[in-house]
K.L.:
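Handing you a structure now.
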Amino acid sequence: QVQLVESGGGVVQAGGSLRLSCAASGSIFNILDMGWYRQAPGKQRELVASITRDRITNYADSVKGRFTISRDNAENTVYLQMNSLKPEDTAVYYCQAQKPNLIGGGRNTYWGQGTQVTVSS
């Protein structure tokens, strides 16, 4: 099992910045992709950004140019630097990690408990 703990959420004015962190612990060997998702009230959870073990990144169109994902493999931590925040970025942000399923094939997915980001106008 992998445990993920997010931190860094909070309340910020539009145009401001926040940095989210997610630390992985437990069975951290061979974690593959890590990423950030978000879920606003009444909406489905959506991908914000992801990063492979080789640091290949992918971003939702809505955050390109404003958010940056990075990871420290040695510390098993993934970060999300959020700049130029908008009220529509308000959501609970969840960290995700994936590991190969060595028995059944495919991947196992792990989630953090989420951290609230609120952007006021």
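Sequential numbering from 1 along the given sequence is applied to the chain's residues.
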K.L.:
How far apart are the closest heavy atoms of V78 and M34, and which atoms are they?
P.N.:
CG1-CE, 3.8 Å

K.L.:
Does one hydrophobic cluster hold both V63 and Y94, with members joined at side-chain heavy-atom distances below 4.5 Å?
P.N.:
no

K.L.:
Within this structure, what is the CZ-CG distance for the pair R55 and D72, rounded to the nearest 0.5 Å?
P.N.:
7.0 Å

K.L.:
For a 4.5 angstrom cut-off between non-hydrogen side-chain atoms, does L4 reach C95?
P.N.:
yes

K.L.:
Charged N to carboxylate O below 4.0 Å: is that the case for D61 and K64?
P.N.:
yes

K.L.:
So, E6 side chain and Q113 main chain: donor-acceptor pair closer than 3.5 Å or not?
P.N.:
yes

K.L.:
Hey, could you give me the OG1/CD distance between T109 and Q98, rounded to the nearest 0.5 Å?
P.N.:
4.5 Å

K.L.:
For the pair D54 (side chain) and I56 (backbone), establish whether a donor and an acceptor sit closer than 3.5 Å, ignoring hydrogens and angles.
P.N.:
no

K.L.:
What distance separates Q96 CD from Y110 OH, expressed to the nearest 0.5 Å?
P.N.:
11.5 Å

K.L.:
Do the side chains of S70 and Q81 get nearer than 4.5 Å, heavy atoms only?
P.N.:
no

K.L.:
Over all heavy atoms of both residues, which pair between Q116 and A91 is shortest? Give the atoms and the distance, please.
P.N.:
NE2-O, 3.4 Å

K.L.:
Could you list the residues that satisfy ring pair (Phe, Tyr, Trp, His ring centres under 6.0 Å) with Y37, not counting sequence neighbours?
P.N.:
W111

K.L.:
Measuring from Q3:CD to C22:SG, what's the distance to the nearest 0.5 Å?
P.N.:
11.0 Å

K.L.:
Testing the basics here: between R53 and I31, what is the closest heavy-atom pair and its distance to 0.1 Å?
P.N.:
NH1-O, 3.2 Å

K.L.:
If only atom types and distance count, is the side chain of R71 paired as donor or acceptor with the main-chain N or O of T52 below 3.5 Å?
P.N.:
yes

K.L.:
Taking C-beta and beyond as the side chain, do R19 and L80 meet within less than 4.5 Å on heavy atoms?
P.N.:
no

K.L.:
Are the side chain of S84 and the backbone N or O of G15 linked by a donor-acceptor pair below 3.5 Å?
P.N.:
no

K.L.:
Will you find, in the side chains of E46 and Q39, an N or O donor that is under 3.5 Å from an N or O acceptor?
P.N.:
no

K.L.:
So, the side chain of Y59 versus the backbone of I69: is there a donor-acceptor pair under 3.5 Å, distance only?
P.N.:
yes

K.L.:
Are any of the side-chain heavy atoms of K99 and I28 separated by less than 4.5 Å?
P.N.:
no

K.L.:
What I'd like to find out is whether the side chain of T118 reaches to under 4.5 Å of the side chain of V12, using heavy atoms alone.
P.N.:
no

K.L.:
Determine whether R107 and D33 make a side-chain contact, defined as any pair of heavy atoms from C-beta on separated by less than 4.5 Å.
P.N.:
yes

K.L.:
How long is the gap from CZ on F67 to OG1 on T57, to the nearest 0.5 Å?
P.N.:
14.0 Å

K.L.:
Any side-chain heavy atom of M82 within less than 4.5 Å of one from L20?
P.N.:
yes

K.L.:
Main chain of E75, side chain of T77: is a donor-acceptor contact present, judged purely on distance under 3.5 Å?
P.N.:
yes

K.L.:
About how many Å separate CD1 of I51 and CH2 of W36, when rounded to the nearest 0.5 Å?
P.N.:
12.5 Å

